[in-house]
Amino acid sequence: MHQSKTYKTLGLMSGTSLDGLDLAYCHIWQTENRWQYDIKKTKSVAYDDDMRDKLKNSIYLPADELLIFHNIYGTWLGKQVKAFVSDLNLSVDFVSSHGHTTHHQPQKGITFQIGSGQHLANACGLKTICDFRANDVALGGQGAPLVPIGDRLFFGGYDFCLNLGGIANISFEKEGQRIAYDIGLANMILNHITQQHRLPYDAGGRLARSGKINSDLLQKLNALEFYRLPFPKSVGYEWFVQEVVPSVTEAKDSMENLLHTAIHHICEQIAAQVLNNTQKPASSLLVTGGGALNDFLMETLQKKLGNRAEVVLPSKTVIEYKEALIFALMGVLRWEGKINCLSSVTGAKRDCTGGVLYLPSF
Ligand SMILES: Nc1ncnc2c1ncn2[C@@H]1O[C@H](COP(=O)(O)OP(=O)(O)OP(=O)(O)O)[C@@H](O)[C@H]1O
Ligand SMILES: CC(=O)N[C@H]1[C@@H]2OC[C@@H](O2)[C@@H](O)[C@@H]1O[C@H](C)C(=O)O
């Protein structure tokens, strides 16, 4: 059996829910031309209130302050890597960093992830690959979502892959092409609601479970224009602030009712996408991201799917670190000069290899 070189790589992901930085140290290799992974070590570094507020408010920063923060955050990422690698005595070929998205407005052709690669590389002393979205955007794509390449190569045995981070996104095969897009809301709205009451999130969906549907709000959320757009489509925090927050604020309902309503909304939108695209009597839906740990959300989703699709939960490590793992893979594909951005997903002119390599200076 032919086995390729094993890459030892560290994937870094900071997602839209702003809970913290995920680090996944992975071994990645090919056996008989099939990509394989082993997630060896993981760590999640929770953001303190100051860092979370800075990241959240970075959309409002003037250009000079944003660029300063880009450098500071890159150094901060490098320090987290250095501590993780030295504490566990890891041997790392290179770091693959997504950074943190501060701006994502595909209609204007822009997406920006802070976390300067050079500052990161210098702070940890390791080769670093980042800026994964830039080439796709330069080729006319949305630069997102990118994880579907990893869904295809690592999790292709499932009919659908659904990630429930701040935003919900889905990917699946149709007529030999990978199709993927942001469905819309997930934990971003749930966290927004609990954070008005100084609670970071609704563990297990316990508060949501005790609420009731607010029909007015449900109708407003379901009527959001984004849900009716054809793919390619992806959203950012800007959309949430402009299009969603006002309706939640105007609803003036209890935290429990708002959460309950938001979960029904999230699940209705996901179920519609799965049921419209399922090509089998019973499909499998792999669910990852923090939303997979929300029991009430998972139960509501399964009810809305009925027996046409089954929710499958992987190990807690894969639930929590799939995106960091796939950024580690994106780095390996970049290293090998292989395709890691799919134009069938992003709408770019063609598939491409995204990612820029930074060598550390000592
Ligand atoms: N036990 C739990 N019960 C309910 N919700 C949870 C639980 N654990 C995590 N979550 C939710 O999941 C969120 C974190 O999800 P995740 O880390 O997948 O998001 P992300 O990577 O930041 O986002 P994205 O994938 O959109 O970039 C938390 O902010 C919280 O809302
Ligand atoms: C621009 C950006 O950071 N988008 C994120 C966000 O969070 C979920 C969804 O919206 C997805 O489009 C993307 O993240 C994952 C990692 C992706 O690119 O596949």
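Numbering of ligands and ligand atoms starts at 1, following listing order.
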Identify the residue among H104, R133, Q105 that makes a side-chain hydrogen bond (donor to acceptor under 3.5 Å, both in side chains) with T111. H104
If you take the nearest heavy atom of each of T102, V235, I167, which one is closest to atom 8 (C) of ligand 2? I167
Looking at OG of S14 and CD1 of I114, how far apart are the two atoms once the value is rounded to the nearest 0.5 Å? 8.0 Å
The answer for which part of E323 has a heavy atom under 4.0 Å from ligand 1 is side chain
What part of N191 sits under 4.0 Å from ligand 1 if we count only heavy atoms: the side chain, the backbone, both or neither? side chain
Shortest heavy-atom approach to atom 14 (O) of ligand 2 - which of H98, H104, R133: R133
How far is atom 26 (O) of ligand 1 from its nearest protein heavy atom, and which residue and atom name does that atom have? T16 OG1, 2.5 Å
Should we count CD of Q219 as having more than 12 external heavy atoms under 6.0 Å? no
For atom 19 (O) of ligand 2, state which one of I149, T16, D136, V147 supplies the nearest heavy atom. V147
Atom indices of ligand 1 within 4.0 angstrom of G204 heavy atoms, with elements: 2 (C), 3 (N), 4 (C)
Taking the non-hydrogen atoms of I167, is any one of them nearer than 4.0 angstrom to ligand 1? yes
Among non-hydrogen protein atoms, atom 10 (O) of ligand 2 lies closest to D182 OD2, 3.4 Å
With backbone taken as N, CA, C and O and side chain as the heavy atoms from C-beta onward, which portion of N294 lies under 4.0 Å from ligand 1: side chain, backbone, both, or neither? both
Residue, atom and distance of the protein heavy atom nearest atom 3 (O) of ligand 2 read T101 OG1, 2.5 Å
Apply side-chain contact (heavy atoms from CB on, under 4.5 Å) to the pair L55 and F69, showing each step before the final yes or no. CA-CA 9 Å; L55 290 168; F69 190 33; 3.8 Å; yes
N163 and ligand 1 - part of the residue with a heavy-atom distance under 4.0 Å: side chain
When you look at L162 and L301, which way does the side-chain contact (heavy atoms from CB on, under 4.5 Å) test go after all the steps? CA-CA 12 Å; L162 173 72; L301 179 60; 4.0 Å; yes
